[in-house]
There are 2 protein chains.
Amino acid sequence: MSPSHIHVPHHCRTVTEILSRVGDKWSVQVVVQLGNGPKRFNELRRIVEGISQRMLTLTLRGLERDGLVTRTVYPTIPPRVDYALTGLGCSLLKTVRELGVWAIENRDEILEARRRFDGANLPEIGQDERRSDAA
Amino acid sequence: MSPSHIHVPHHCRTVTEILSRVGDKWSVQVVVQLGNGPKRFNELRRIVEGISQRMLTLTLRGLERDGLVTRTVYPTIPPRVDYALTGLGCSLLKTVRELGVWAIENRDEILEARRRFDGANLPEIGQDERRSDAA
DNA sequence: CGGAATCCTATAGGATACTG
DNA sequence: CAGTATCCTATAGGATTCCG
């Protein structure tokens, strides 16, 4: 791998692409749940909480396409479909967890920075307009 | 910190929120550039490449609000504004870099998984419809 | 049960023009 | 130089309905 101070646009795109996977609303949560073992479709649907059926489908398809999860169909009636992390998916989960640890560890500092910023910058435009925490 | 098998919804939201920061189109790229030292507005604009003025402004405001970068105004004419990473920003950069390393290391495996998936699942609907790499 | 299809809204983000 | 303001489009994602 090239040293980090050398800028390779080709790598840059790769990283950006992966980050947008990780940054989408559901992928990581699904991966985290699958980290506790394989799950069926509706099982995930209940656990992830808030996810729509459509988005669960799309998210799982995306993860499957990237080789992060496997999809196993049991042609029974009613049908049964199991989703599970691949090795690749597990290694992503490991890496992403560190980001999660960072987030939790620094949560308070971030929240306080936001309060300072909001207090310093826009107190004059009335008490609405701050949809961030008001709405 | 609580063990990772205990599900704290409060933490879950925090992590999701941070991930969406990291997953947005520009934040990480800006942070990476600032990792090489403080930069002026138009300097960033040129380096980041592809970013619109509007998005650079919004991205920097967001990072500033979260306490990840500082904004220093020199009231000269013409004006000069420097942006720099805070300690918090540096530590985020460190963590995010590991995800970047993962992405680069596993890029080929992911791309091949995609080829397999695309080849196996939708070769019948014609040669269009695959906006992912065609469009 | 595990989806696919359709419709709709909200947000992200680009392009352009103006300003202190 | 370093923005702000406005307009516009594209995408993400929710709700609902239908299907094998």
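Chain letters run A, B, ... following the sequence lines, proteins first, then strands; residues in each count from 1.
Between B:Asp24 atom CG and D:dA10 atom P there is a gap of 21 Å when expressed in whole angstrom units. Residue A:Met55 contributes atom CE, which lies 17 Å from atom P of C:dA10 at whole-angstrom precision. As rounded to whole Å, 9 Å separates atom C1' of D:dG13 from atom CH2 of A:Trp26. Atom pair B:Leu44:CG and D:dC1:C1' shows a separation of 13 Å (rounding to whole Å applied). At whole-Å resolution of the value, CG in B:Leu56 and P in D:dT4 are 11 Å apart. One interatomic measurement links the two molecules: CZ of A:Arg21 to P of D:dA12, which rounds to 11 Å at whole-angstrom precision. Rounded to an integer number of Å, the gap from CG of B:Leu60 to C1' of D:dC1 is 14 Å. Atom CZ in B:Arg46 sits roughly 14 Å away from atom P in D:dG3 (whole-Å rounding).
Of the side-chain N and O atoms in A:Arg54, none sit less than 4.0 angstrom from OP1 or OP2 of C:dC7. For the OP1/OP2 pair of D:dT11 and a distance below 4.0 Å, the side-chain nitrogens and oxygens of B:Lys25 include no atom meeting the criterion. Residue B:Arg40 places at least one side-chain N or O closer than 4.0 Å to OP1 or OP2 of D:dA2. Taking 4.0 angstrom as the limit, A:Arg45 places none of its side-chain polar atoms (N or O) nearer than this to OP1 or OP2 of C:dG3. A sub-4.0 Å separation between OP1 or OP2 of C:dG3 and a side-chain N or O of A:Tyr83 is present.
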Full working for salt bridge (Lys or Arg N to Asp or Glu O under 4.0 Å) between B:Arg114 and A:Asp66:
CA-CA 5 Å; B:Arg114 282 185 191 172; A:Asp66 284 1; 2.6 Å; yes

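Both B:Val73 and B:Leu60 are members of a single hydrophobic cluster when ILVMFWY side chains are connected at heavy-atom separations under 4.5 Å.
In this structure the side chain of A:Glu98 reaches within 4.5 angstrom of the side chain of B:Glu98, judged on heavy atoms.
Proximity note for A:Thr57 (side chain, C-beta onward) versus D:dG13, C:dG2, C:dG3: the nearest is C:dG3. For A:Gln53, whose side chain is taken as the heavy atoms from C-beta onward, the closest listed nucleotide among C:dG20, D:dT17, C:dG13 is D:dT17.
The environment of B:Glu49 atom CD is sparse: at most 12 non-hydrogen atoms of other residues, nucleotides or ligands sit within 6.0 angstrom.
Residue B:Glu43 places no side-chain atom within donor-acceptor reach of the base of D:dA2, judged by atom type and a 3.5 Å distance cut-off alone.
The backbone N or O of B:Leu68 sits less than 3.5 Å from a side-chain atom of B:Thr86, completing a donor-acceptor pair.
Along DNA chain C, the nucleotide nearest to A:Pro78 and the one nearest to A:Arg61 differ in position, and the one closer to the 5' end is contacted by A:Pro78.
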